[in-house]
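Below you'll find the structure, written out as structure tokens, and then a few comments.
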There are 2 protein chains.
Amino acid sequence: MPVTIYDVAKAAGVGISTVSRVLNENSNVREETRHRVLEAIEALGYKPNILARNLSRSHVQTVGVVLSYLTSPFQVTVLQGIERFLAQAGLDLTIFSMESPKRQETLLENLSHGRRCDGLIVISFTPQERFLQRFQRYHIPVVIADFRDERIPSVFVDNVEGGYLATKHLLGLGHRKIGYILDHTEPPNGSGGNEPGADRQRGYQQALLEAGIPFDPRLVAESGLHSRQRGAAAAEVLLNRGELLTAIFAASDMIALGVMEYARKKGLRIPDDLAVVGFDDIELASFAGLTTVRQPMQEMGRQAAEIVTWLMQGEKVLRTSCQLPVELVVRDSCGALALLERR
Amino acid sequence: MPVTIYDVAKAAGVGISTVSRVLNENSNVREETRHRVLEAIEALGYKPNILARNLSRSHVQTVGVVLSYLTSPFQVTVLQGIERFLAQAGLDLTIFSMESPKRQETLLENLSHGRRCDGLIVISFTPQERFLQRFQRYHIPVVIADFRDERIPSVFVDNVEGGYLATKHLLGLGHRKIGYILDHTEPPNGSGGNEPGADRQRGYQQALLEAGIPFDPRLVAESGLHSRQRGAAAAEVLLNRGELLTAIFAASDMIALGVMEYARKKGLRIPDDLAVVGFDDIELASFAGLTTVRQPMQEMGRQAAEIVTWLMQGEKVLRTSCQLPVELVVRDSCGALALLERR
DNA sequence: CTGTTAGCGCTTTCAG
DNA sequence: CTGAAAGCGCTAACAG
């Protein structure tokens, strides 16, 4: 039923390889022949069968994106950047969501020899060594977004700087007791790389240090996840430890939003009673009037996508890591009012 | 280099078709033979080549999802439901984002004969007839989520009911001048189906009618898109038409959020000066304290996914449309206070 | 420049 | 139950 390359060849009075040549824009075809083939293609409404082409070329014109949650606005925004780039590069994008660590295992297991995609982008985590090796054996390039890993190409921001900026800002407003909430210190699976949350804490501590304020571990809490619920819970823990915080820096906007909700529930006014700074600058942050550290999420995705495509074409990428800038975005959640009151 | 079915056959001392049989769990294999093959597979670490399998079976074990914006929390949530179902069904999910109408054309054009996926789910719009025909010719089932179209299987909610519920609620609080903001009345491309925004308006009008309030077209505005910016702009238009609205019902939470932002900017207190009701119940709505009409977004995706997979297996789906329930979720954005003040 | 001929690795009749 | 053989539709040497 479907028209194949043979039909076209016959109709054009040429061999199939010639048809193949014009299909693949191979130059070695006389203009006239080429024309005849094109006409036959047009006349028959021929469309090459991708499946056959894939088998023959042994690739699938697809890059996979592995992310933990489709519920994370941050990750989805990175995904957007990836999608845009891939779309205009003519590559398909298939997504793999690994909601549980166990699922992550089986997922990477499959992907690493399944040839379901020619390249892979993982967001916000780094695969275990054994998977990395397997991907390498199968020549499937992997690049990481939002996570720094020396072993493979990664695109990330300067998290230390981000944490520093946020804390510095709070300090500048007169705050002395500043809490910090991160997702988790240790990566869920014990692989290499630098956890963004931990890096941001470094920046936080550095700013404190410069301001001559001793670091107090009782002012930091872990939320586990980047969710409002967890953020609120962590805020509760922090605020009930007996230390009188006047500000909280959260490792993500989602956590910060949770902090804001908790504060609201407890009748704490923001920023008067509690200043809050987030991280990421997801769309919601502007609605909530949240001061935050902006990451170029889309750009992060775009770059990651660009790098995999290079790698997929066999190009050696020297600059194996790519650091993007962060930027403080000041909004209402830590008004200058706080400054006056506290001095 | 990679181990093929031939290697396994040789190692197990059988023919390749036997290996194929055990691979595909075909019953006609003696238990002992089967065992031997399994061992060979294990020993060699054999993994079937998906590309070859795809060509042979002529399918790709993938379903495509076409959506307009990855920026829409609503669509992403539906996507989540789809992803969950597909993952456990062992199917891959590739996403196609058509940010512009022109891109939609080329996308569907390609998809419809590219055999890049075995089934398709489109979110919030309906493809033009010619594409539908082509998909049918190529036996690629298509199902729609969040849009009703008689021509193909669709999963949607009772939008009229939703609009009715929202308006009724406002009416019950004592509001008489209730505005309505929808995205657009006419579908971007002139294809069939019922626009949700228009249906919700029907419910709105019906509630008004029952309350004996004449419908005033000056109280409805179009935002064009489901975005905060557009929502705010529409609110401005509405609020400056000279009618003294006390409440606005928005066709989506994003629009409602925009309304809230605009109100905030203008110093209007919510709900005291202006009550707001949204639609969807995206995660943000609860943060914003927005009263809204909840759609079972994940479930919508799940059902759509379930239906395509049935169709892909060649099953005839009789019940070509599936309507899910909506539910009013009351939060602060239209407090009962309004009732007292206005009476 | 162009046609012939092997594969790509698996599924699937069709005989035994 | 099992093996041989014929595709699936295209790409890519390899000869002309």
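Residue numbering restarts at 1 for every chain, and letters A, B, ... go by the order of the sequence lines. Only heavy atoms go into these numbers, but all of them, side chains included; no hydrogens, no water, no symmetry mates.
Between B:Arg21 and D:dT2 there is no side-chain polar atom (N or O) within less than 4.0 angstrom of OP1 or OP2. Between B:Asn24 and the phosphate of C:dT11, there is a side-chain N or O to OP1/OP2 separation shorter than 4.0 Å. For D:dT11, one of the phosphate oxygens OP1 or OP2 lies less than 4.0 angstrom from a side-chain nitrogen or oxygen of A:Ser20. Within the 4.0 Å cut-off from OP1 or OP2 of C:dG9, not a single side-chain nitrogen or oxygen of B:Arg53 is found. Side-chain nitrogen and oxygen atoms of B:Thr18 include at least one within less than 4.0 Å of the OP1 or OP2 phosphate oxygen of D:dG3.
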Only distances under 3.5 Å count here; give the side-chain donor-acceptor pairs of residues 36-48 of chain A to other protein atoms, sequence neighbours excluded, each with its distance to 0.1 Å.
from    : atom 1 : to      : atom 2 : distance (Å)
A:Arg36 : NE     : A:Glu32 : OE2    : 3.4
A:Arg36 : NH1    : A:Ala12 : O      : 2.9

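Under the side-chain contact (heavy atoms from CB on, under 4.5 Å) criterion, B:Gln298 pairs with B:Thr77, B:Gln80, B:Arg84, not counting sequence neighbours. Checked against salt bridge (charged side-chain N to carboxylate O under 4.0 Å, His left out), B:Arg57 has no partners two or more places apart in sequence or in another chain. A search for side-chain contact (heavy atoms from CB on, under 4.5 Å) contacts involving B:Thr62 returns B:Val60, B:Asp92, B:Thr94, B:Cys117, not counting sequence neighbours. With sequence neighbours excluded, the residues satisfying side-chain contact (heavy atoms from CB on, under 4.5 Å) with A:Pro196 are A:Asp146, A:Phe147, A:Asn159, A:Arg200. Residues satisfying the side chain to side chain donor-acceptor pair (under 3.5 Å) criterion with B:Ser20, sequence neighbours excluded, are B:Asn24. In this structure A:Asn110 satisfies the side-chain contact (heavy atoms from CB on, under 4.5 Å) test together with A:Arg116, sequence neighbours excluded. Under the rule for a salt bridge (charged side-chain N to carboxylate O under 4.0 Å, His left out), the partners of B:Glu299 that lie at least two apart in sequence or sit in another chain are B:Arg302. By the side chain to side chain donor-acceptor pair (under 3.5 Å) test, B:Glu83 is found to be paired with no residue, residues two or more places apart in sequence or in another chain being considered.
Of the residues near DNA chain D, B:Arg34 and A:Ile50, the one whose nearest nucleotide (by heavy atom distance) lies more toward the 5' end is B:Arg34.
The interatomic distance linking B:Lys10 (NZ) with D:dG3 (P) rounds to 14 Å, in whole Å. Across the protein-nucleic acid pair, B:Asn54 atom CG and C:dT12 atom C1' stand 16 Å apart, rounded to whole Å.
To the nearest 0.5 Å, atom OG of residue A:Ser58 and atom CD1 of residue B:Ile50 are 13.0 Å apart.
Each end of the helix from C:dC1-D:dG16 to C:dG16-D:dC1 gets its own axis from five base pairs, and the two axes differ in direction by 40°, given to 10 degrees.
Side chain of A:Val14, nearest nucleotide from C:dG3, D:dT11, D:dG3: C:dG3. Picking from C:dT2, C:dC10, D:dC10 the nucleotide with the shortest atom distance to the side chain of A:Ile5 gives D:dC10.
Within residues 41-48 of chain A, no residue has any heavy atom closer than 4.0 Å to DNA chain C.
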Could you list all N or O pairs between the protein and nucleotides 6-8 of chain C that sit under 3.5 Å apart?
from  : atom 1 : to      : atom 2 : distance (Å)
C:dG7 : N2     : A:Ser56 : OG     : 3.3

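Salt bridge B:Arg103/B:Glu105: absent, no basic N to carboxylate O contact under 4.0 Å.
For C:dT4, its base sits under 3.5 Å from the side chain of A:Ser17 at one donor and acceptor pair at least.
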